[in-house]
There are 2 protein chains.
Amino acid sequence: MTTINDIAKMANVSRTTVSRVFNNGYVSEDVRKRIMKIVEETGYTPSLSAKSLRTKKSGVIGVILPKISTETASRVVSGINEVVAKENFQILLTDTELKKEKEIEYIRLLKSRHVDGIILLATNINADLIKAISAADLPFISIGQDLPGVTSILYDDYHAASDLTNLLVANHHKKIAFIGVGEEDPSVGRQRKMGYLDTLAKTNLPIREEWIEEGDFSIESGYECAKKIIRNSEKNLPTAIFAVTDRMAIGAMEYLREQGYSIPQDIAVAGIGASTMSKHLTPPLTTVDYYNKDAGKKAAQLLLAQMVQKKDKEKYTQTYRLIKRDSV
Amino acid sequence: MTTINDIAKMANVSRTTVSRVFNNGYVSEDVRKRIMKIVEETGYTPSLSAKSLRTKKSGVIGVILPKISTETASRVVSGINEVVAKENFQILLTDTELKKEKEIEYIRLLKSRHVDGIILLATNINADLIKAISAADLPFISIGQDLPGVTSILYDDYHAASDLTNLLVANHHKKIAFIGVGEEDPSVGRQRKMGYLDTLAKTNLPIREEWIEEGDFSIESGYECAKKIIRNSEKNLPTAIFAVTDRMAIGAMEYLREQGYSIPQDIAVAGIGASTMSKHLTPPLTTVDYYNKDAGKKAAQLLLAQMVQKKDKEKYTQTYRLIKRDSV
DNA sequence: AAAGGACATGTAATCGATTCCACACATGTT
DNA sequence: AACATGTGTGGAATCGATTACATGTCCTTT
């Protein structure tokens, strides 16, 4: 591996001068050319570890995901990358596999790797996490959960859920079932459920326990929840099922189809997430587009801005869009 | 930021000793405890830039993707991560946006970042790329393309395509259309097409130009290709369409459905990739599972092995699995 | 003609770790 | 008693860059 010293020797200059060639200092045209020629010949590229050690900047931003291979995650990462790559940053990826402790562990790790900032796709909120974030003392953005004291990009879960419920109501559904997730996830678990419940309450529609089930984000759990709902309410079937994610909605559709219910005539289904799949199902699924990629872009922009100058911690709420399709 | 020197001072030892605590050198139980206590109190974590500068190892492996937000990519990355995370490596992600030059650029960049190895999800082969790889002189794995002189993990595109074609033939299809991609991509563009063509030739089935179209991986291009095929062969419609990716197959299905053809009665459709979606389409799509995640794992294992000790460049062919579903 | 400024380059300290070598002491071996 | 061996610690060089400061030209200005 050739170093700056090798180049300096070969060009008969000091390494200071070589460094200046790369950092826009005073260098005569003459010397600059001589050095560049040698650089090209040797294929020299400066060691970024050394540079990072000296400058305290790495040109890397850390991204913490709950799970790599989900469509949401890959859209967000793609958005982040689109923005940061333009500024010649790279992404260091970590995956918590949905384990809370790992979030904190990775924040520490990323800090010791001298990343210039961190974006966290958050799935929960807890005091230790907040503490770890503030201890890291780095530009930090949370996506998806409102972390106190942290710049957060939020989806409007409450209103998305209530709009969707209202859409079902507008389509003459009076008996609306719900497939949710656990409340450890404040946004998906709690906010979306509140949106659903409040809307039913406001429109004086019945809320029945046997119409409400809790899954774990997976297609299979959507299937199981639908099964429970149907079985537990044989005499009083709902006419619509609202699942808080597309995947669970898909599982529900599958069960309904297996049981011979037709969608939406017998039972309507709606989800959230605007997965690619949702458009190509039969019938196409009514859902909510959260513009995940834009959320990633926005997060990256805010992060870059914070790196230049400390900002007050703010909250940004993303827009969303109802996509009405034939499943309702 | 606290450094090793701070810790050393606070513990009244030399920084050598502090370093030894983290690197399993001789340290008395007494001193080790004293140091660890201070480490905990201060939240000290060693600077990995400094460490990397000194040791020439970074604990980071570079991954070069053609496009981040595709299901294939995210499965592979997930597999890679699963393996390397266990050894405390992280992934540095780069996205070429399908631009050849960027592959080379990123190889250089990753090199200067002192990554310990690189995994490339390859989409093409060219001399400059090979040169750049050998110049980098790093443990290197290619996934998806057979790069000369580079350890490669290959999908068996030729046989997967010919098996799939044979499956169509076995289902009494004699007029089989094909939606492919450009031959710049040797694996998807060339091998899969060869598998298709050779099988037709061997079984004495007709190969007709108007049944062969070329898309660009997207769902829309699948739709357009299907449209062209149907329009160009009105008097002699194929009874099956083989698309080399699931996404293009989905586009084709969409067009066929719009035009009132029923699948598979009028025209059968098959794809490759075993996308999550394929299972939930109506009808479910016949496809080939390439076990992308396993490919990622395998790549990571080989890379880790190469990092320990240089190995001969080898070629590994992944197994695949035909998934026969109702679209055929 | 002396002073000041712009330009070009070099010297040396520094970033935060690792690691070779030396040294001190205690214990075991012959 | 002399020597080897094992254990625990520190000194100092080193990795490859950046950067404050110093130095030396050459030109312009007054």
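Note that these values count all heavy atoms, side chains included, but never hydrogens, waters or copies made by symmetry. Residue numbers start from 1 in every chain, and the chains themselves are labelled A, B, ... in the order their sequence lines are given, proteins ahead of strands.
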Just list the side-chain donor-acceptor pairs under 3.5 Å for residues 301-308 of chain B, sequence neighbours left out, or say none.
| residue | atom | partner | partner atom | Å |
| --- | --- | --- | --- | --- |
| Gln306(B) | OE1 | Phe140(B) | N | 3.3 |
| Gln306(B) | NE2 | Thr151(B) | OG1 | 2.8 |

Problem - Salt bridge Lys99(A)-Glu101(A), side-chain N to carboxylate O under 4.0 Å - result: no
Problem - Stretch residues 49-58 of chain B: residues that reach within less than 4.0 Å of DNA chain C through a heavy atom - result: Ala50(B), Lys51(B), Leu53(B), Arg54(B), Thr55(B)
Exercise for the section: Please check if the side chain of Lys298(B) supplies one atom and the backbone of Ile80(B) the other of a donor-acceptor pair under 3.5 Å. Expected result: no
Practice task
Considering just the side-chain nitrogens and oxygens of Asn23(A), establish if one lies under 4.0 Å of OP1 or OP2 belonging to dT19(D).
Solution key: no
Problem - Touch class at under 4.0 angstrom, heavy-atom based, for Phe22(A) against every strand present - result: nothing
Exercise for the section: Indicate whether the side chain of Gln145(B) and that of Asp185(B) have a donor and an acceptor atom separated by less than 3.5 Å. Expected result: yes
Handout entry: Counterpart residues, ring-ring contact (aromatic ring centres under 6.0 Å, His included), relative to Tyr290(B) (two or more places apart)
Key = Tyr155(B)
Exercise for the section: Without swapping roles, check the side chain of Ser187(B) against the backbone of Gly144(B) for a donor-acceptor pair under 3.5 Å. Expected result: yes
Exercise for the section: Give the B/S/- string for nucleotides 6-12 of chain D, one per nucleotide from 5' to 3', where a protein heavy atom under 4.0 Å of the base yields B, of only the sugar-phosphate yields S, and otherwise -. Expected result: -SBBBBB
Exercise for the section: With a 4.0 angstrom cut-off to heavy atoms of chain A, pull out the first and last contacting nucleotide of DNA chain C, in 5'-to-3' order. Expected result: dC7(C) to dG16(C)
Fill in the blank from the handout: Rounded to 10°, the angle between the first-five-pair and last-five-pair axes of the helix from dA1(C)-dT30(D) to dT30(C)-dA1(D) is 50°
Handout entry: Residues Asn292(B) and Asp294(B): side-chain donor-acceptor under 3.5 angstrom
Key = no
Handout entry: Distance-only donor-acceptor check, side chains Asp216(A) and Ser218(A), under 3.5 Å
Key = yes
Exercise for the section: Would you mind checking if Glu82(B) and Lys297(B) are paired as a salt bridge, meaning a charged N to carboxylate O distance below 4.0 Å? Expected result: yes
Handout entry: Donor-acceptor side-chain pairing of Ser52(B) and Ser49(A) below 3.5 angstrom
Key = yes
Problem - NZ/NE/NH1/NH2 to OD/OE distance under 4.0 Å, Asp95(B) and Lys67(B) - result: no
Problem - Non-hydrogen side-chain atoms of Val60(B) and Ile91(B) separated by less than 4.5 Å - result: no
Handout entry: Side chains of Ser74(B) and Ser69(A), donor plus acceptor under 3.5 Å
Key = no
